[in-house]
Amino acid sequence: MNQIKVDETLQKGIRAARRGYKEPARQLLAQVLRADPDNEEAWLWLSRVADTPEQRADCLQHVLAINPDNRWAAEQLAALQAEAPAAPAPTAPPAVSAEIKLEPIKCPKCGGSVDLRGGSETKTLVCSYCRSLIDLTGEQAAVIGQTNKRAKPAVPIELGMEGTFEGGRYQVIGWVRYEGWDDEDRWRWDEWLLVSSEGEFRWLSYDPEEGFLLQKKIPPAGAFDPRTATSIPVPSGTAKVIERSPARVIALAGELTWRATVGERLNYLEARRGPMRYSVEYTREEIELLEGRPLSAAEVWRAFGRQDLAEKAAKGEMRAKQYRFLAIACAVFTIISCMFSFFTLTTGQKLLAQEIHIAKGGSPQKVGPFEITQPGRVHRVSLKSDRLPTNNWAVVDVSIMDSRENEFYLFSAEFWDEEGRDSEGYWHESDLSEAYLFRPDDAGQYTLELAIDEATVDSLKVEVTIMSGVWLSRYFVIFAVLSGGLCFLFFSLSGAHSLTDLISGRR
Amino acid sequence: MLKKMKCPSCAAPLTIKHRFVKLVTCDYCGQVLLLHDTGLDPTGRTAKLTDIPSLLYIDATGQLQGRRFRVMGRLRYQYESGFWDEWFLTFEDDRPGWLVEDEGEYTFYVKETLTSPVPPFETVSVGDVVTIAGHQVFITEKGRATIAGGEGQLAFTIIPGEEVKYLDGTSGDDLISVEYTADEIELSVGRAVAHDELILDEEEF
């Protein structure tokens, strides 16, 4: 082996040692030492990957034989000898074996061995044995709190579960439960941190009302104020803000990418653009934007290989789809019924239209005569008063008389106009029209008599219209109320939150 | 250019690997050393890092957006919510830069020369839009960090324990980072690196 080859092998051995590949590192460094037995660096690095204290001491003694000034080697050797005074005499480079793996983190509280899957991105870790919250940001792992052992996510997604999302294989490494609130309500949702074999991170969230969402962190596409913005710039344009509230962490487990603590507060907003969902988490120190798509429960469980839950979710989604269809059908019936009930106001043939003046205390005013040719059909009398002076009213008695002057139908029509002030300010309301239905049994000539019963005005001008063969609106109204009620019921069962959701089929 | 030297603190061998290197951390005693014309000066600070695995490592080689690189060193910044690591990369025929990993997404930053004044750190808030060296920057993060440690070899003389005030933001597709230290203000402009644009050389051990 020439000097260049020795240097190359040494560098390769050091790289292997840095990455934790102890056995290959030992073999490469041993090769260097066979070619260059006085290579101080090779002995130094070999001491770091040695399997036993004896082998380590052996390497350090070689270092000191080559370079007696090497203080680090002397200190390391002294420390070793303090632990085990009888270090063996120098021998040939040791042949040892070790597993090629990265060291797990030891819980400083219970000593449990916890695997670190998120690499250097993991800043907080919850011990899976004693549930201590371990801070990994310092020189030494330190317990900074305790988590609730009984806290569990709303759906059975557990740490260590593996799933295929967007074509990549991910493992669940962390979980956080948040609570958000406003003046009227409090709500909770779960978020899981997923890491792929390539080291990519995703956040999977589940809200009982919104369902699942898979998001990744992206840089903001432009400036916005998260406290007031009604829309935010995103890579494809602008997304509409639909929710904004404060939140806090109420439970956590596994590994997280920041120094997470229970009780930690943040503010967040949710925005939408087409099928894409955006979340912004903001504090005084940072604004973070996440982008992603909603996933159906069946998609999530299939991704995790939980066919049982996927089938159950698919059935639920099918039911929700059926409810959505029924809700839409009922909504259409409600709209049609409402339209028909308004249409009834235009039905019928005009028998009479007359304008009369009625004086207070005067004799009843006759209207007509008019001829009824369709006995048994529904007729309508409509009265429309001329505008009343403000804060006045009048009650008019209306009688329908047959040709023998027999009164067979009597009703009172009330007209009023009022104004006033309340806590919301000035108001002005009036009701100047009335309509009544009647069904005459016999054909013949009829008249109407109108007289003011009580009033704050001296006279009243009223326009009277009589229609025959009108449709009754009440059946359409009843149908509209019934189908509206069913629409509401199916809408609730479908899990949709808005008409847009209902139509688009989103949850 | 490999230059063999000895750590003035523990006398262990050191190899200076690049002409840009100004600061070296001894692989053995952890002493942070300043590289001068006359040799290595200990700073009296050590820079040990908690051993947490990462995709990158000192001396790793590979391709970043088609250019051959070598990982020379790493700096760890500690801030209120944790820490982040910045990896110092050198290239065969280009300016060195910093690769920063945040939730699995990589950004590669290159230092840019500041040609106009930068707003004082205290006057800027998260959510502001400020002009920095001609960039309209939307500030997304503001904080103070301490250099918690480092390893390998670096191109500047920032030492453990030193406080850094920083502003991070976006400007179109660019990611902007401004670091204020006691002695200087540094501007770095970065671009997101797709996962398939960062390829580490596979080593058969």
Side-chain angles (χ1 to χ4, degrees), chain A residues 7 11-12 14-16 18-21 23-25 27-28 40-41 44 67 69-73 75 100 102-103 116 119-124 135-141 195-196 198-201 216-217 219-227 257-259 282-289, chain B residues 2 6-7 9-13 15 26-30 48-61 76 78-85 101-105 107 125-129 136-143 148-149 151 168-170 172-173 175 192 195 203-205:
Chain A
D7 282 342
Q11 291 308 318
K12 203 171 172 182
I14 293 173
R15 285 200 294 274
R18 284 190 201 280
R19 296 177 68 187
Y21 293 102
E23 178 57 26
Q27 288 176 9
L28 288 159
E40 187 185 352
E41 262 189 294
L44 278 165
N67 175 10
D69 297 332
N70 193 320
R71 226 175 69 200
W72 181 80
E75 282 170 7
I100 300 169
L102 297 167
E103 295 295 319
L116 195 62
S120 60
E121 287 294 299
T122 298
K123 310 295 189 291
T124 319
D135 175 21
L136 300 179
T137 62
E139 250 183 49
Q140 264 192 316
V195 65
S196 76
E198 280 78 41
E200 287 181 85
F201 286 79
K216 67 179 256 195
K217 196 173 156 183
F224 64 92
D225 185 341
R227 293 161 301 177
T257 53
W258 77 101
R259 199 168 180 269
Y282 59 99
T283 59
R284 282 182 60 184
E285 290 79 30
E286 194 175 9
I287 299 175
E288 269 192 1
L289 174 64
Chain B
L2 294 177
K6 276 203 186 295
C7 170
S9 176
C10 73
T15 308
C26 174
D27 269 335
Y28 309 100
C29 66
K48 296 230 167 107
L49 299 179
T50 311
D51 188 19
I52 292 170
S54 170
L55 177 71
L56 295 167
Y57 56 95
I58 303 296
D59 284 340
T61 54
R76 178 164 294 172
Q78 180 111 30
Y79 70 123
E80 199 188 342
S81 295
F83 66 82
W84 76 90
D85 283 345
E101 191 182 357
D102 185 11
E103 292 203 5
E105 303 301 320
T107 308
S125 298
V126 168
D128 287 353
V129 177
Q136 288 290 107
V137 185
F138 171 45
I139 302 298
T140 56
E141 192 172 348
K142 174 183 177 175
E151 61 174 333
D168 285 345
T170 60
D173 289 338
L175 293 148
H195 272 250
E203 276 193 287
E204 296 293 329
F205 292 125

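Remember, it's a predicted structure, so these values are computed and weren't measured experimentally. Because only heavy atoms are used, hydrogens play no part in the values below, and waters and symmetry mates are left out as well, while side chains stay in. In the text below, chain A, chain B and the rest are named by the order of the sequence lines, each starting its count at 1.
Chosen from A/G222, A/A73, A/P226, the residue pairing most often with chain B at heavy-atom distances under 4.5 Å is A/G222. Considering only heavy-atom pairs separated by less than 4.5 Å from chain A, the leading option among B/K142, B/H195, B/K6 is B/H195.
Note that CG of A/D225 is 8.0 Å distant from CZ of B/F138, once rounded to the nearest 0.5 Å. Taken to the nearest 0.5 Å, the CD1 atom of A/I287 stands 9.5 Å off from the CD1 atom of B/I139.
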Subject >> Chi angles and distances behind the side chain to side chain contact (heavy atoms under 4.5 Å, CB included) call for B/Y28, A/L44 >> reply: CA-CA 8 Å; B/Y28 309 100; A/L44 278 165; 3.5 Å; yes

Subject >> Test side chain to side chain contact (heavy atoms under 4.5 Å, CB included) applied to B/V126 and A/E286, step by step >> reply: CA-CA 6 Å; B/V126 168; A/E286 194 175 9; 5.8 Å; no

**OP:** With side chain to side chain contact (heavy atoms under 4.5 Å, CB included) as the test, would you mind laying out the steps for A/E41 and B/T15 before giving the verdict?
**Re:** CA-CA 10 Å; A/E41 262 189 294; B/T15 308; 3.8 Å; yes

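Classification of B/E141 and A/R284 as a salt-bridged pair fails, no side-chain N sitting under 4.0 Å from a carboxylate O.
At a 4.5 Å heavy-atom cutoff, the contact between B/S9 and chain A is made by backbone and side-chain atoms alike. With a 4.5 Å cut-off on non-hydrogen atoms, A/N67 touches chain B through its side chain but not through its backbone. Contacts of B/I58 with chain A are made by both backbone and side-chain atoms, with heavy-atom separations under 4.5 Å. Contact of B/D173 with chain A is not made at all, since no heavy-atom distance falls under 4.5 Å. Heavy atoms of A/F224 lying under 4.5 Å from chain B belong to its backbone as well as its side chain.
In this structure, A/W72 contributes its side chain and B/C10 its backbone to no donor-acceptor pair below 3.5 Å.
Contact detail for A/P220 and B/T140: the closest heavy-atom pair is CG-CG2, 3.5 Å. Smallest separation of non-hydrogen atoms from B/L175 and A/P219: CD2-CB, 3.7 Å. In terms of heavy-atom proximity, A/R15 sits nearest to B/A60 at CD-N, 4.4 Å.
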